[in-house]
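The structure appears below as C-alpha cells.
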Amino acid sequence: MHHPGPPRFLATGERTELAPRDPNPDGAYAWRVADGPPDSEATVGDDAVTEFTPDVPGRYLIGLDAPDGDHLLTVRAFPASYEGVDVAGGSGTAIRDRDAGDVDAPRDYAARERHEGVGRPRVRVDASVAFDGEADGESEHAGEAVFTAVPSPNPESSLDADDLAVTFVVDDRDVADAVAAGRANPRDALRVGDDGRELRVPLDAVPDRLRVHAVSVARDPGEDPRVSVADAAAVERGGSGSAAIDDTAGGEAVLTPETPDFETVRLNDPPAWTADASVYEIFVRTFADAEEGEAFDAIAERIPRIAEIGVDTLWLTPVLGHDGKPHGYNIVDFFDTADDLGDREEFEALVETAHDHGMRVLFDFVANHTARDHEWFQDAYENPDSPYRDRYEWQESGEPGTYFDWELIANLDHANLDVRRFLLDVIDEWAPLVDGFRCDMAWAVPDSFWRELRDRVKDIDREFLLMDETIPYIPGFHEGMFDVHFDATLYFQLRQVGRGAEPAASVLDAVDQRADIGFPDHAEFLQYIENHDETRYRVECGDAAAAAAGAAIMTLPGVPMVYAGQEIGQRGRRDAIAWDHAREEVRDRYERLLETRRDHPALGPDGDLARVGYHVASGDLSERPIVASGDVHPDDVVAFRRHDGEEDLLIVLNFAPADASVAVDVGHGERDLVTDERCVVEDGEGTERIRVDEVAIVPVTEE
C-alpha cells in the first residue's frame with residue numbers, strides 16, 4: 001500500500017521527507033497536516049514527495065490521500081536539541097545537503113553528534129505474549145501483547161536510567177489493518193504501565209501484525225534534550241507458538257504449542273547470522289584476472305579457496321552494466337549484468353557456488369545516481385523537454401547534481417515517483433537472488449527510501465542483510481533502515497595507530513564512540529583496514545602494524561572484513577591479485593584468526609568489551625617509532641578483555657615490529673589461543689608477562 005511507513009520521531013526544526021510507498025507514477029497523492037499541537041503552524045508541500053518540519057513539540061498526524069485510500073502517519077516532536085548546535089537535516093540530510101566540494105561536512109556532523117554532555121540516550125524494546133487462561137467464548141484467548149522498553153543513558157551523560165522517560169507509538173499501518181479486520185483499535189485498547197515503560201494490548205485488538213515503536217528521552221529536557229534512536233518490536237499472528245515468555249510478561253503465563261500461535265520479533269536487530277559473520281570483499285574486475293566476460297566463472301572457481309580462509313560472506317562490487325570505468329559504480333543498465341563480467345546465468349551460478357560452500361553473497365546496490373552514459377541522462381542532458389529531465393538533480397550551470405569531483409555520474413532526484421518506482425523494481429529484480437545489499441553512498445539517499453527498502457525485503461526474508469556505506473556513520477540509520485554500518489572511525493584510528501600518530505589504546509576510544517554518539521547496543525559495525533577505495537594498510541603503515549590491525553578487526557566487537565588480497569600481503573589497491581606470489585605466512589595468520597574468532601563467540605559482536613591495566617616492558621624510550629634496540633614503545637600496545645557470560649578472554653595487540661613483553665592487571669592463562677603455544681614468560685623480577693608478536697589471546701582466569 002501507499003502508506004508512508006513507520007512513525008517518525010523528530011526534534012522541532014528537524015525535517016523529514018514524506019513519500020508514498022510502492023508509488024504509481026501516474027497516481028495522485030496529496031498531503032495534509034490532519035492534526036497537531038494547537039500552536040503549531042507547520043505545513044506540508046503540494047508535491048507527491050514532500051517534507052515536513054515540526055515547529056513545536058507534540059504529536060502530529062500527517063494525512064496522505066492516495067489512490068488506495070487515506071493514510072495517517074504519526075510524527076512525535078520533542079524540544080529542539082542542545083543550544084548552539086543546528087539539528088536541521090536529521091539523520092543524513094545534513095551530509096547530503098553539503099556543497100559538492102565540502103569535504104569537511106561529514107566530520108562536522110560527527111563533531112555535533114559527539115558534543116560533550118548531550119549524547120543521545122538509548123532504548124531497547126522487546127515484545128512478549130501473556131495468556132490469562134482458556135478461551136472464554138467471546139475471544140480466541142484471554143491475553144495480552146506486552147511491549148517493554150528499557151532505556152539507558154548515554155555513557156557520557158550525567159543522567160541515570162530513572163531520569164529517562166519512554167514514548168511509545170503504535171504503528172499507524174497496524175491500526176488501520178486492525179480496524180479494517182473488524183478488531184478493536186489497538187490505540188483505544190492499549191494500557192501503559194505505571195512506570196511508563198510497559199505497554200499492553202489485548203490480543204483481541206492485535207491484527208495480523210502489531211508493531212510498537214519507542215524512544216527514550218530525559219524526563220527533564222533541560223538536563224539532556226537528545227532523543228534516542230527509536231527501537232521497535234512486533235507481535236505477529238501465525239508464528240510458531242513457541243516464543244518464550246520472560247519476566248517482562250509479569251510471570252502470568254507461559255506460551256505453549258497448545259495456545260494460539262503468536263511470534264515476537266525485534267524489528268531493528270541485525271540478522272542472527274551476522275553474530276559470527278566475516279566478510280570478504282571482491283573487486284570483481286581484477287580479482288581473478290579473467291578474460292573479457294569470464295570473471296563470474298573465474299571467481300566461482302576460486303570460491304573453495306576463499307572458503308578455506310574461514311570467511312562466510314562475499315561482498316561483490318557492482319556487477320551491473322556500466323560505462324566502462326573499472327570500478328563499476330557508474331551504472332548504465334540496472335537490470336542486467338556487465339558484459340565484461342559475464343551473463344546473468346553465470347552470475348546466478350556464482351551465487352549458487354558460494355551458497356554451496358556455506359557462503360552468503362552481498363549485492364552492491366547503487367541508488368544515488370546513474371552513469372552519464374545511461375539512456376535517461378543521454379536524452380535529458382541539455383534537453384529541457386526530455387521526459388527524463390526531472391529524474392535528475394540539476395545545478396544552475398546546467399550540469400547534473402553530483403558530489404566531489406565525480407564528473408561521470410548524475411544524481412537521481414528521489415522526489416520523482418518514476419525514480420522511486422524504478423529503484424524499487426531494481427530491488428525486486430536482485431534481492432531474491434542474494435543474501436543482502438551493501439548500499440553504496442547511503443548518506444546521499446533520503447531516509448524514507450531506505451525505510452521502504454528495509455520493509456520491502458524484510459517482509460520477505462527477515463535474515464536479509466542491509467549494510468550502509470555512510471561516512472561518518474549516523475546513529476539514526478539504525479532506526480528502521482540498516483543492520484550493519486561501515487565503521488570508518490575505527491578504520492581511521494587504526495591507520496593513525498599504524499602511522500605512529502596515535503597510541504594503540506585509542507582504538508578502544510573509537511569503539512566506545514559508537515555508544516557515545518547514540519548507536520543502540522544492538523547495532524553492528526563492519527570493521528576493516530582496507531577496501532577498494534583505500535591504499536593497502538601495509539603500504540602505508542608497514543607489515544608489523546598491518547598484522548596487528550588485521551588482528552584488531554578480528555578481536556574488537558564488530559563484523560570483520562577482509563579485502564581480497566589482504567590475506568596474502570597484496571600491495572596494489574585494485575591490481576590483479578598476485579595469487580602466484582602469495583605470502584603464505586600472512587594467509588596462515590588470517591586463517592588462524594578467523595578460526596579463533598569462530599571458536600570463541602566472546603570475540604563476536606555480542607561480546608562485551610572492557611579495558612584492563614597493562615604495562616609494557618621497554619627501554620628508555622621517549623618517542624616513537626621503535627628504536628634500533630628492538631624495544632617496544634608502550635603506545636604501540638593495547639590490552640583489553642572480551643566476555644559474553646560464558647567465556648572471558650584477554651587480548652593484547654602489538655603494532656611494533658619487535659615482540660612486546662606485557663604485564664596485565666588480571667590473572668590469565670599461559671597459552672595463546674591463536675597459535676596454541678605458550679606465550680607467558682617471566683622477567684628478571686619474577687613478574688609474568690605475555691610475549692606478543694602481533695596478537696595474543698589468552699583466557700582470563702581470575703581478577
Side-chain angles (χ1 to χ4, degrees), residues 103-104 106-107 110 279-283 286-287 309 315 317 326-327 404-405 469 471-473 486-511 513 525-556 558 560-579 581-587 589-590 593 621 623-628 630 632-638 653-660 692-695:
V103 296
D104 289 329
R107 283 191 292 272
V279 178
Y280 188 86
E281 183 198 355
I282 292 179
F283 190 73
T286 58
F287 174 78
I309 302 170
W315 159 24
T317 57
H327 52 69
F404 314 115
D405 58 351
E469 182 211 24
I471 301 173
Y473 45 35
F486 268 48
D487 193 343
T489 300
L490 178 61
Y491 159 81
F492 176 76
Q493 205 59 38
L494 284 167
R495 289 275 171 145
Q496 289 291 87
V497 173
R499 297 184 187 111
E502 297 282 353
S506 65
V507 300
L508 304 183
D509 299 331
V511 173
Q513 182 183 297
F525 298 86
L526 186 74
Q527 302 182 155
Y528 59 98
I529 63 172
E530 55 194 44
N531 60 37
H532 67 275
D533 285 327
E534 309 294 346
T535 304
R536 296 280 185 178
Y537 192 102
R538 67 180 294 235
V539 171
E540 187 170 350
C541 304
D543 285 341
I553 62 173
M554 300 295 175
T555 55
L556 290 168
M561 187 193 85
V562 175
Y563 176 42
Q566 177 180 330
E567 79 280 15
I568 63 169
Q570 176 88 3
R571 295 183 65 86
R573 180 181 59 162
R574 296 180 180 175
D575 298 347
I577 306 298
W579 300 113
H581 301 281
R583 298 172 61 195
E584 291 301 325
E585 74 278 8
V586 177
R587 181 185 173 93
R589 183 166 65 240
Y590 273 100
L593 284 167
L621 305 179
E623 60 182 36
R624 300 170 76 192
I626 309 305
V627 297
V632 176
H633 193 283
D635 282 351
D636 290 311
V637 174
V638 60
L653 300 173
N654 173 26
F655 287 79
D659 286 357
V692 188
D693 45 13
E694 70 273 358
V695 62

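Remember, predicted model here, so these are calculated numbers, not experimental data.
- In this structure, the side chains of S506 and V497 come closer than 4.5 Å at one or more pairs of heavy atoms.
- Within the 4.5 Å cutoff, the side chain of R583 has heavy atoms near those of the R538 side chain.
- In summary, of the residues considered (I553, D487, I529, N531), a side-chain contact (heavy atoms from CB on, under 4.5 Å) with M561 occurs for N531 alone.
- The ring-ring contact (aromatic ring centres under 6.0 Å, His included) test applied to F486 returns W315, Y528, not counting sequence neighbours.
- Within the 3.5 Å criterion, the main-chain N or O of I309 finds no donor-acceptor partner in the side chain of E567.
- Here the closest heavy-atom approach between residue Y280 and residue G565 is recorded as OH-N, 4.0 Å.
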Criterion side-chain hydrogen bond (donor to acceptor under 3.5 Å, both in side chains) on Q570 and Y563, from CA distance to verdict
CA-CA 10 Å; Q570 176 88 3; Y563 176 42; over 6 Å; no

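- What you find for A545 and G498 is that their closest heavy atoms are CB-CA, 3.9 Å.
- At distances below 3.5 Å, not a single donor-acceptor pair connects side-chain atoms of R574 with backbone N or O atoms of F283.
- Rounded to the nearest 0.5 angstrom, Q527 CD and T489 OG1 are separated by 11.5 Å.
- R573 places a side-chain N or O within 3.5 Å of a backbone atom of D533 that can act as its donor or acceptor partner.
- With rounding to the nearest 0.5 angstrom, the CD1 atom of I471 is 9.0 Å from the OH atom of Y491.
- Annotation: side chain of I577 is not in contact with side chain of T286 (no heavy-atom distance under 4.5 Å).
- The distance from the CG atom of L653 to the OG1 atom of T555 is 5.0 Å, given to the nearest 0.5 Å.
- Counting all heavy atoms, side chain and backbone alike, A544 lies closest to A656 at CB-O, 3.6 Å.
- Residues V586 and G569 approach most closely at CG1-N, 3.9 Å, considering heavy atoms.
- Contact detail for A504 and D636: the closest heavy-atom pair is CB-C, 3.8 Å.
- Using a 4.5 Å heavy-atom cutoff, the side chains of V637 and V692 are not in contact.
- Closest approach of A547 to E694, counting heavy atoms only: CB-CB, 3.7 Å.
- The salt bridge (Lys or Arg N to Asp or Glu O under 4.0 Å) search around R587 returns E308, E591, not counting sequence neighbours.
- Using a 4.5 Å heavy-atom cutoff, the side chains of E281 and E530 are not in contact.
- Take E534 and apply the salt bridge (Lys or Arg N to Asp or Glu O under 4.0 Å) test, not counting sequence neighbours, and it matches no residue.
- Under a 3.5 Å cut-off, the side chain of Y473 and the backbone N or O of F525 do not form any donor-acceptor pair.
- Annotation: side chain of Y590 is in contact with side chain of V562 (closest heavy-atom distance under 4.5 Å).
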Show your working on salt bridge (charged side-chain N to carboxylate O under 4.0 Å, His left out) between R589 and D693 and close with a plain yes or no.
CA-CA 12 Å; R589 183 166 65 240; D693 45 13; over 6 Å; no

